[in-house]
> 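Below is one structure. I have some questions about it.
As the structure lists them, so they are numbered: ligands from 1, and atoms in each ligand from 1. These values consider heavy atoms only, across backbone and side chains, with no hydrogens, waters or symmetry-generated copies.
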Amino acid sequence: MISSQIEQALNRQIDLEGFSSMYYLSMASWCQVQGFNGVSAFLYHHSDEERMHMLKLFHYINDRGGHGIVPAFAAPQKDFSDIHEIFNIVLSHEIKVSNEINALVAMCIEEKDYTTHNFLQWYVAEQIEEETLARNIIDKLKLIGEDKGGLYLFDRDLQTMGVAGHGRGKGGRKKH
Ligand code: FEO
């Protein structure tokens, strides 16, 4: 059984993961409209992953005697200036998510809830991957700048990463 404080905190994380899914969906849609089909495919996939992060929380809360609540998500930004802006937002958003996960982990230690602490370790590892991926993409974009040929190849690369499930590491994205 989880405490009501932990239950509320996990429900706030549901809100954040669900909002992340909507945020990346909004970015994916904008990219598709702009003709960046590769970046769009990558972001649609990223949006699906965030939904999965949210669902894991629902199942955990409910399995531990709590109640996972569907929140009213805030409407995400719908227009973006360019691809550079999008990935800068992705990184800053993921840093925010990491901070929230860390705060949850600290709360679990304070409350001596080692079961939830253990559950959250998956998210801790996931956040390291998410931040690294966003930083690597931003590094590539810095090299490309506004070069149209470079952006074309970048879009094609991300298409492959989206299809392969982000293509992290040698064997591609880990399975959940
Ligand atoms: Fe589920 Fe990207 O945080």
> Hey, do the aromatic rings of Phe19 and Phe73 have their centres closer than 6.0 Å?
no

> Between the side chain of Glu85 and the main-chain N/O of Ser81, is any donor-acceptor distance below 3.5 Å?
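Between the backbone of Ser81 and the side chain of Glu85 there is a qualifying donor-acceptor contact (under 3.5 Å).
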
> Is the distance from atom 2 (Fe) of ligand 1 to the nearest N/O/S atom of Glu49 under 2.8 Å?
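No N, O or S atom of Glu49 is closer than 2.8 Å to atom 2 (Fe) of ligand 1, so no.
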
> Does any N, O or S atom of Glu50, backbone or side chain, fall under 2.8 Å from atom 1 (Fe) of ligand 1?
yes

> Quick one: sort the Phe80 and Tyr23 rings into parallel, tilted or perpendicular, breaks at 30° and 60°.
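It falls in the tilted class, 30° to 60°.
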
> Starting from atom 1 (Fe) of ligand 1, look over the N/O/S atoms of His53 and name the nearest one.
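Checking each N, O and S atom of His53, the shortest distance to atom 1 (Fe) of ligand 1 belongs to ND1.
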
> Regarding Glu100 and Gln13, do their side chains bring together a donor and an acceptor under 3.5 Å, going by distance alone?
no

> Within 2.8 Å of atom 1 (Fe) of ligand 1, is there any N, O or S atom belonging to Glu17?
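Looking at Glu17, which is the residue asked about, there is an N, O or S atom under 2.8 Å from atom 1 (Fe) of ligand 1.
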
